[in-house]
*Asks:* 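Please find one structure pasted underneath; my questions will follow.
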Amino acid sequence: MTTEQTTVTRRRPAPEDRRHHVPARSWSPQSPSPAPAIALITTGAHTGCPLVTADELGVPVAGWTYCGPGPDGDGPTFADTVEAFAQADGVGAIAACVDVIGTDLDGRALMRAAESAAGAGRPLVVLATGADRVIDAVLRQAGVIRVEGFDQLLDCAATLARFPRPTQPPGPVRIAADSAGAATLLADLARRAGLETEDAGDAPDIAELAARPGAGMLLYAVTETGSSGEWTAAALVEAARESTTPIGVVWCSSGGTETGYRLILQRSPEIATFRTLTNAVAAAKAYYDHCDHRFRIPSLVEDNAMAGVKARQILTSTGGPGTVRKRDTDPAKGLSESQTHQLLRAYGIRTPREQLVTSAAWAVRAAATIGYPVVMKASVAGLPSASAAGLTRTNITSASQVRENFKDLMDSAGRQGYGTLDGVLIGQQITGGVDTMVGIRRDDRFGPAVVVGVGGAYAEMLGDVAIRVAPFDTHQARRMLDELHCLPLLTNVGSDLEALADTILRVQRMALDLGDVLEGFDIAPLRVLGRGGGTVALDASARLIVR
C-alpha cells in the first residue's frame, strides 16, 4: 500500500462560503450524550480510576457495581453481577476491572455468565491482574475480550456498545487519515493485530469513503488541529449519520481539549473516538473478535456412547491378553501403554499397528506380521513415558534384533523394579510428520480441559500450548492451533491440520466421558502427517484419580 493511496481528499475549496462547516447542532458540554452506555464492574479499591478515565474519554456509564465480599462476607459474585448487567436496560457493553479473576472462582458460573452476556448482545470486556492460562482460555472461548489498561478497557467497551451489531460477518477495516504517514502507520498496526485491512484508495471525500460498501469498519486518523481538525471532525460526524459502516476516529493531537475532539467527535453517538492508534486498533480487534464469536455456528461435540462404555471396560479390566505378572490395580499406578492405546482406539484415534506379546517367539511373529522396521516398548502400568525410562527400542529390522531387545526390555524393567509389566508392545515404526501433543488436564474450577502444543512431550516445557475447557466445538479446536507460536512448523510442511483438530475433539470427548476417573491424559508425541495422512498417537500415558 503506497502512501499516496492512503490520504483522503476532503474537497475543501478556498472560498469560505463553500467550506464544510461544523453542523449547527449544539455540541455543548452540558448536553446529555445520547451514545449507548457501558456498565462498569470492579472487584477492588480502584473504582475511581476507571470512572475518571470514562469521564475523560467521554464514555457514558449507565451504572457501576462493586462485587466481592461485603462487610458480612455475602457480597455479589463477579458472575452474578455480569449476569445482572447482561439483562439490564440501557447497557450496550460491560466493562469489568477485576483484581484476580481466579480467586475463589466458581468457574462454571463464570462461563455461564459470559455466555449470558454474549447471548444478550452485551459484550464483556475484562481488565484482570494475574496470569492464568486456563482462565485466559475460558474467556476467549466464551467471547470475552481481555485488555491491558484502564483506557483500553473503556475504549474497547465503548466501541462495542456504540457500534450496532452487523447482520453478517463484517468486511475488512478501511484505513484512512488526513496524513499519509498516519494512515500507513495505522494500517501497519492493524495488520500486525491480525486484522484484514483495505486502503482508502482514491476516495474523493469522507462521505464517499464512509458510504462505499464492503468494509466492516472505517478507522480514520486526524492529525491536524485547529479549524482544519474541526472541519474533518464535523465531516466524519455527518458521514457517520448517513452511513451504516461503523466509524472510529483517532484524534492524534497531543492535547485533548480541542473543539474538534471534545465538542464534535465525543458528542457524536455514532462515532467511537480514540486518543492513540494502538487503542483504536485494539478496539477494532475487539469488535471483529466479538463478531467472529457471534457469527460462528457451534457444532456439537460428537457423542459416541459406545466409546464411553468401551473405555470404562478398559479402565476396569483386571488383565489383558498378554499379562505375564499379576497386575497391581492401585489406581495411583495409572495405566499401561497397552491400555492407553486401547482407550485411544475406542475413541477413533489412530495408533500404530501393534501387538502386545509376552515371549520372544511371539515377538518375532508379531514383527513379521506388522512389517519391519518396528518399535519395541515395555508396557508398564503407571509409567509416564517408556522412552524416558529407557524402555523403548526403535529401528528394529530383523528377527535376531527382536529376540535380543525383547530380553533386554524384560530385564531392564525388572532391574528398575516394575512389578506391573504387561509385556512388550511390538509396533509399526512411523516415519515423517511433525510431533505434537494433545492432553487432558483436570482444573478444580472448570473441570476437564484439553491442551495442545507442538513439539511432543516438550511442548508444555516450552510454554507454547493452547487450552480450552470442555465442552467446545470445531471452531475452538481450530482456534487453538492458530494460537500456537510454533504453528509454522506444521503449516510449512503441509501437515494435516484438519485431522489434528479432529483428534483434539476426540480427546475432548474422552475428557467429558471419563472426567470422574481421569486426572490427566497425554498423547506425546502425536505425529501429524502430511495433508490427508491424518495423525498417529505414538505414545500415551494416563493418570487416574485416586479416591
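Side-chain atoms are counted along with the backbone in the values below, which use heavy atoms only and exclude waters and symmetry mates.
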*Asks:* Any salt bridge linking Arg468 with Glu483? Criterion: basic side-chain nitrogen under 4.0 Å from a carboxylate oxygen.
*Replies:* yes
*Asks:* Which is it for Arg442 and Ile545 under the side-chain contact (heavy atoms from CB on, under 4.5 Å) test, yes or no, and what are the steps along the way?
*Replies:* CA-CA 10 Å; Arg442 183 180 178 83; Ile545 296 173; 3.7 Å; yes
*Asks:* Could you tell me whether the side chain of Asp292 reaches within less than 4.5 Å of the side chain of Arg479, counting heavy atoms only?
*Replies:* yes
*Asks:* Checking Glu258 against Trp251: is there a side-chain donor and acceptor pair closer than 3.5 Å?
*Replies:* yes
*Asks:* Would you say the side chain of Val250 lies within less than 4.5 Å of the side chain of Arg275, judging by non-hydrogen atoms?
*Replies:* no
*Asks:* Does the distance from a Lys or Arg side-chain N to an Asp or Glu carboxylate O, for Arg441 and Asp522, drop under 4.0 Å?
*Replies:* yes
*Asks:* Just do the side-chain contact (heavy atoms from CB on, under 4.5 Å) check on Leu487 and Asp482 with the steps written out, would you?
*Replies:* CA-CA 7 Å; Leu487 182 62; Asp482 292 339; 4.1 Å; yes
*Asks:* Between Arg478 and Glu498, does at least one N-O distance fall below 4.0 Å, as a salt bridge requires?
*Replies:* yes
*Asks:* Please tell me if the side chains of Arg133 and Ile467 come closer than 4.5 Å, counting only heavy atoms from C-beta onward.
*Replies:* yes
*Asks:* Has Thr65 got a side-chain atom pairing as donor or acceptor with Ile41's backbone, closer than 3.5 angstrom?
*Replies:* no
*Asks:* Show, in sequence, the C-alpha distance, side-chain angles and deciding distance for Leu500 and Val438, and conclude whether the side-chain contact (heavy atoms from CB on, under 4.5 Å) test is met.
*Replies:* CA-CA 9 Å; Leu500 179 54; Val438 178; 4.3 Å; yes
*Asks:* Would you confirm whether Ser228, through its side chain, and Glu224, through its main-chain N or O, come within 3.5 Å as a donor-acceptor pair?
*Replies:* no
*Asks:* Answer yes or no: is there an ion pair linking Arg509 with Asp513, defined by an N-O contact shorter than 4.0 Å?
*Replies:* yes
*Asks:* Taking 4.0 angstrom as the limit, do Arg212 and Glu208 come out as a salt bridge?
*Replies:* yes
*Asks:* Considering non-hydrogen atoms only, spot the tightest contact between Gln508 and Val450 and give its length.
*Replies:* CA-CG2, 3.8 Å
*Asks:* Do Thr503 and Thr535 meet the criterion of a side-chain donor-acceptor pair at a distance under 3.5 Å?
*Replies:* yes
*Asks:* Taking the side chain as C-beta and beyond, is there a heavy-atom pair between Ile264 and Glu230 under 4.5 Å?
*Replies:* yes
*Asks:* Testing the basics here: between Ala176 and Ala200, what is the closest heavy-atom pair and its distance to 0.1 Å?
*Replies:* CB-CB, 3.8 Å
*Asks:* Would you mind checking if Lys285 and Asp289 are paired as a salt bridge, meaning a charged N to carboxylate O distance below 4.0 Å?
*Replies:* yes
*Asks:* With side chains defined as the heavy atoms from C-beta onward, is the minimum distance between Pro172 and Leu195 less than 4.5 Å?
*Replies:* no
*Asks:* Report the C-alpha distance between Val82 and Leu124 in whole Å, list the side-chain angles of each, state the deciding distance to 0.1 Å, and finish with yes or no for side-chain contact (heavy atoms from CB on, under 4.5 Å).
*Replies:* CA-CA 8 Å; Val82 169; Leu124 176 60; 4.1 Å; yes
*Asks:* Return yes if some donor-acceptor pair links the side-chain N/O of Ser268 with the main-chain N/O of Val237 below 3.5 Å, else return no.
*Replies:* no
*Asks:* Atom CD of Glu270 and atom CD of Glu238: how far apart are they, to the nearest 0.5 Å?
*Replies:* 11.0 Å
*Asks:* Can you confirm whether Arg108 is buried at CZ, in the sense that more than 12 heavy atoms of other residues, nucleotides or ligands lie under 6.0 Å from that atom?
*Replies:* yes
*Asks:* Okay, side chain of Tyr288, backbone of Gly171: is any donor-acceptor separation there less than 3.5 Å?
*Replies:* yes
*Asks:* Test your reading of the model: is there a side-chain donor-acceptor pair from Thr159 to the backbone of Asp155, 3.5 Å cut-off?
*Replies:* yes
*Asks:* What's the separation between atom CG in Leu490 and atom CG in Leu484, rounded to the nearest 0.5 Å?
*Replies:* 8.0 Å
*Asks:* Salt-bridged, Glu83 to Arg112, with N to O below 4.0 Å?
*Replies:* no
*Asks:* How close do Gly453 and Val465 get, counting heavy atoms only, and between which atoms?
*Replies:* CA-CG1, 4.2 Å
*Asks:* Between Ile504 and Leu481, is there a side-chain heavy-atom distance shorter than 4.5 Å?
*Replies:* yes
*Asks:* Starting at OG1 of Thr245, measure out to CE of Met217 and round the result to the nearest 0.5 Å.
*Replies:* 10.0 Å
*Asks:* Report yes if the side chains of Cys97 and Trp64 come closer than 4.5 Å at any heavy-atom pair, otherwise no.
*Replies:* no
*Asks:* State the CZ-CZ distance between Arg543 and Phe521, to the nearest 0.5 angstrom.
*Replies:* 10.0 Å
*Asks:* I'd like to know if the side chain of Gln141 reaches the main chain of Val469, judged simply by a donor and an acceptor atom lying under 3.5 Å from each other, with no hydrogens or angles considered.
*Replies:* yes
*Asks:* If you round to the nearest 0.5 Å, how far is OG1 of Thr197 from CG of Asp188?
*Replies:* 9.5 Å
*Asks:* How close do Ser495 and Val528 get, heavy atom to heavy atom, and via which atoms?
*Replies:* CB-CG1, 3.8 Å
*Asks:* Taking everything shown except Asp444 itself, do over 12 heavy atoms lie less than 6.0 Å from its CG?
*Replies:* no
*Asks:* Where do Phe163 and Ala272 come nearest, in terms of heavy atoms and distance?
*Replies:* CZ-CB, 3.7 Å
*Asks:* Keeping the roles fixed (side chain from Asp178, backbone from Thr223), state whether a donor-acceptor pair exists under 3.5 Å.
*Replies:* yes
*Asks:* Within the distance-only criterion (no hydrogens, no angle test), does the side chain of Arg165 pair as donor or acceptor with the backbone N or O of Gly121 below 3.5 angstrom?
*Replies:* yes
*Asks:* Would you check if Pro123 and His290 make a side-chain contact, meaning some heavy-atom pair closer than 4.5 Å?
*Replies:* yes
*Asks:* I need the Cys252 SG to Tyr261 OH distance, nearest 0.5 Å.
*Replies:* 11.5 Å
*Asks:* Could you check whether any side-chain N or O of Arg122 sits under 3.5 Å from a backbone N or O of Val91, counting only pairs where one atom can act as donor and the other as acceptor?
*Replies:* yes
*Asks:* Return yes if some donor-acceptor pair links the side-chain N/O of Arg506 with the main-chain N/O of Tyr347 below 3.5 Å, else return no.
*Replies:* yes
*Asks:* For residues Ala37 and Ala161, report the shortest heavy-atom separation together with the two atoms involved.
*Replies:* O-CB, 3.9 Å
